[in-house]
Amino acid sequence: MSSKAKVLKGFTMLVGGRVGSALISVLSTAILARLLSPDDFGLVSAALVVLALANVIFDGAFGVSLIKKQSVSIAEQRTTLTVAMLLSLVLIALIVLLSPQIGVFFRSESVGDLLYVAALTIPFKAIFAVSSATLQRDSRFGSIAVGSLVGQIFGNVLVAVPMALWGFGPWALVVGMVLAGAMEAAIVAGKAKMSLRPQLEKAAFRDLTGSALFSLANVMNWVANTGANAVVGRSMGFYDLGIYSRGWKLLDLVVGITATPLSRVLLPAFASRRDDPVRLAASLRQAFHLAVPAYACMSVFLVVHAQLIVYAALGAKWDQTILVAQFFFAALVPRCAFKISENFAVAAGRSGAAVVRQFIYAALMVGGAVLGLRYGVSGVALMTSGAVTIFYIISISFALRIGNMSPLPILWIHCKAGILAALIATVDSLLVWTFSEWPLILRHGVGGAGGAIVMLALLSVAPAFWLGPAGESYIPRFRQLVRKINPASVPKG
């Protein structure tokens, strides 16, 4: 199997698992949002500001260090897991020690109380990071997808929903999260056949410290993605944080389904071409050519149909989230596609510069959140979406510079995606407006169908124009699939 085929297969498997996990997440969120209040979600979001740090540390320092190696010995695997577990214990101790101060920052003792229990997820995150990196190296993406899916079902449905029904409030979310992490880590570690025997090998430990800069970059990314939550929670209260965080969560579901699997697949794919600059640059262009139009089309549908999405996923009492979600959905291309340029930079051995870029990203996000406060929670969403876009431009510029590539082809890719998105948006929004007297589901259904027809027609007529050279191969496959499922094409008995 060619490297391109392996990338596509791995991406498909990860997306399939992510779609399953996202469907479970949507189902549990749809139920929990109707049982719990925005204040409950705001409290948990405040606690997650701290816990999200563990995720980025483990994925950065431990996951990447294994993925980038040509081969990994048992001693290296054990050392990585041992150091990760020791660090998780240190983080738990720090959180327990600082929980009262964190509660003071958010002006609520409840945040500190939730953190005592929520911190139990940290060791599970450590195990999952090392185990999933091991599976990624072997292109066993399906095992990662299964672990995530089963963990979601167990924690967020079988545990969190009953607890919410029984009146446990935000504790339902926290306990469900802890048990989901435990189940996910257990399954993925089992699939990877992780050795739990502690070991510290000097050479392996030195390799881990070499990933410190990338981990520091991830810490800056944590500041960027959670800093706005801290600003909103501190300045506006838990109700507004609940509204803001649910809007971000809806965006995050799309990111989790598409961009996160793409990132996991692209890093080893780019790394395998590190010694061939021509192929590496070609891979970057092709990744943008396929991803940017796809994200642009998704962005249009999400923005136009945000009201239906919010009502279906959260309920009518969350109508203040609609505008917040629209601002986030409008920034879907930069929010997702920046992972392409960032993984390119890491694969090219430029992890150190990532720290500077992520610091700029964090400053933009936190600064944007502060500037947006005077306009309410929607203002914060608008300003942070602008910050994401600015960072995307910075990230692409750096990738092009280290790849010694002209910016014009990448700029043309984005221009074409913008034209495609504008045509779809025009038809979709006009149909929704024309049938505005119809019930919500029907008018959005008609609009979405019209937009989808326009999109498919444009892609079918000129696939290479919109999607690059690879587009010529994807559209015929789609046509064959349609003919297979078309009843008219089935021979009559």
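The distance from atom CG of L51 to atom NZ of K125, rounded to the nearest 0.5 Å, is 9.0 Å. Here the CG-SG distance, from L251 to C336, works out to 6.5 Å after rounding to the nearest 0.5 Å. Note that CG of L250 and CD1 of I309 are 7.5 Å apart. Values are rounded to the nearest 0.5 Å. Distance check: T29 OG1 to K249 NZ gives 6.0 Å after rounding to the nearest 0.5 Å. We find the CG-CG distance between L302 and L308 to be 11.0 Å, quoted to the nearest 0.5 Å. A distance of 13.5 Å separates CZ of F168 from CG of D40, quoted to the nearest 0.5 Å.
You'll find the ring centres of F328 and Y244 inside the 6.0 Å limit. Checked against a 6.0 Å centroid threshold, the rings of F435 and W438 count as neighbours. Taking the ring centroids of F344 and F270, they lie under the 6.0 Å cut-off.
In plain terms, the two heavy atoms of V49 and A230 that are nearest each other are CG2-N, 4.2 Å. Summarising the geometry of A417 relative to V292, their closest heavy-atom pair is CB-CG1, 3.6 Å, with the distance given to 0.1 Å. The minimum heavy-atom distance linking M220 with A362 is given by the pair O-CB, 3.5 Å. The heavy-atom pair separating I144 from S132 by the smallest distance is CD1-O, 3.6 Å. Contact detail for A192 and S131: the closest heavy-atom pair is CB-O, 3.8 Å. Between S395 and R357, the shortest heavy-atom contact is CA-CD, 4.4 Å.
Side-chain atoms of S28 come within 3.5 Å of backbone N or O of S25 as a donor-acceptor pair. For the pair S299 (side chain) and F329 (backbone), a donor-acceptor distance under 3.5 Å is present.
With contacts defined as side-chain heavy-atom distances shorter than 4.5 Å, the pair L48/T226 does not qualify. In this structure the side chain of I127 reaches within 4.5 angstrom of the side chain of M85, judged on heavy atoms. Between L373 and M236, the closest side-chain pair of non-hydrogen atoms falls below 4.5 Å. In this structure the side chain of F338 never reaches within 4.5 angstrom of the side chain of V388, judged on heavy atoms. Counting only heavy atoms from C-beta outward, the side chains of L115 and L98 never approach each other to under 4.5 Å. I153 is not listed as a side-chain neighbour of M183, based on a closest heavy-atom distance of 4.5 Å or more. The closest side-chain heavy-atom distance from I95 to I122 is below 4.5 Å. In this structure the side chain of F238 reaches within 4.5 angstrom of the side chain of V111, judged on heavy atoms.
Counting non-hydrogen atoms of neighbouring residues, nucleotides and ligands closer than 6.0 angstrom, the CD1 atom of I441 reaches no more than 12 such neighbours. In the displayed structure, Y375 atom OH is contacted under 6.0 Å by at most 12 heavy atoms of other residues, nucleotides or ligands. Counting non-hydrogen atoms of other residues, nucleotides and ligands closer than 6.0 Å to CD of E437 gives a total of 12 or fewer.
A search for side-chain hydrogen bond (donor to acceptor under 3.5 Å, both in side chains) contacts involving D113 returns nothing, not counting sequence neighbours. Residues satisfying the side-chain hydrogen bond (donor to acceptor under 3.5 Å, both in side chains) criterion with S385, sequence neighbours excluded, are absent altogether.
Legend: side-chain hydrogen bond (donor to acceptor under 3.5 Å, both in side chains) pairs involving residues 314-339, not counting sequence neighbours, sorted by first then second residue: Y239-Q320.
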Could you go through the side chain to side chain contact (heavy atoms under 4.5 Å, CB included) check for Y361 and I394 one step at a time? CA-CA 9 Å; Y361 182 33; I394 294 173; over 6 Å; no

Could you walk me through whether H444 and V432 pass the side chain to side chain contact (heavy atoms under 4.5 Å, CB included) check? CA-CA 6 Å; H444 282 277; V432 172; 4.1 Å; yes

Tell me, with the steps shown, if V90 and L86 meet side chain to side chain contact (heavy atoms under 4.5 Å, CB included). CA-CA 6 Å; V90 173; L86 290 174; 5.8 Å; no

Test log, rule side chain to side chain contact (heavy atoms under 4.5 Å, CB included), inputs L43 and F106: CA-CA 9 Å; L43 277 169; F106 284 107; over 6 Å; no

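In this structure, R234 forms a cation-pi arrangement with F105, its terminal cationic atom sitting closer than 6.0 Å to the ring centre and no more than 45° off the ring axis.
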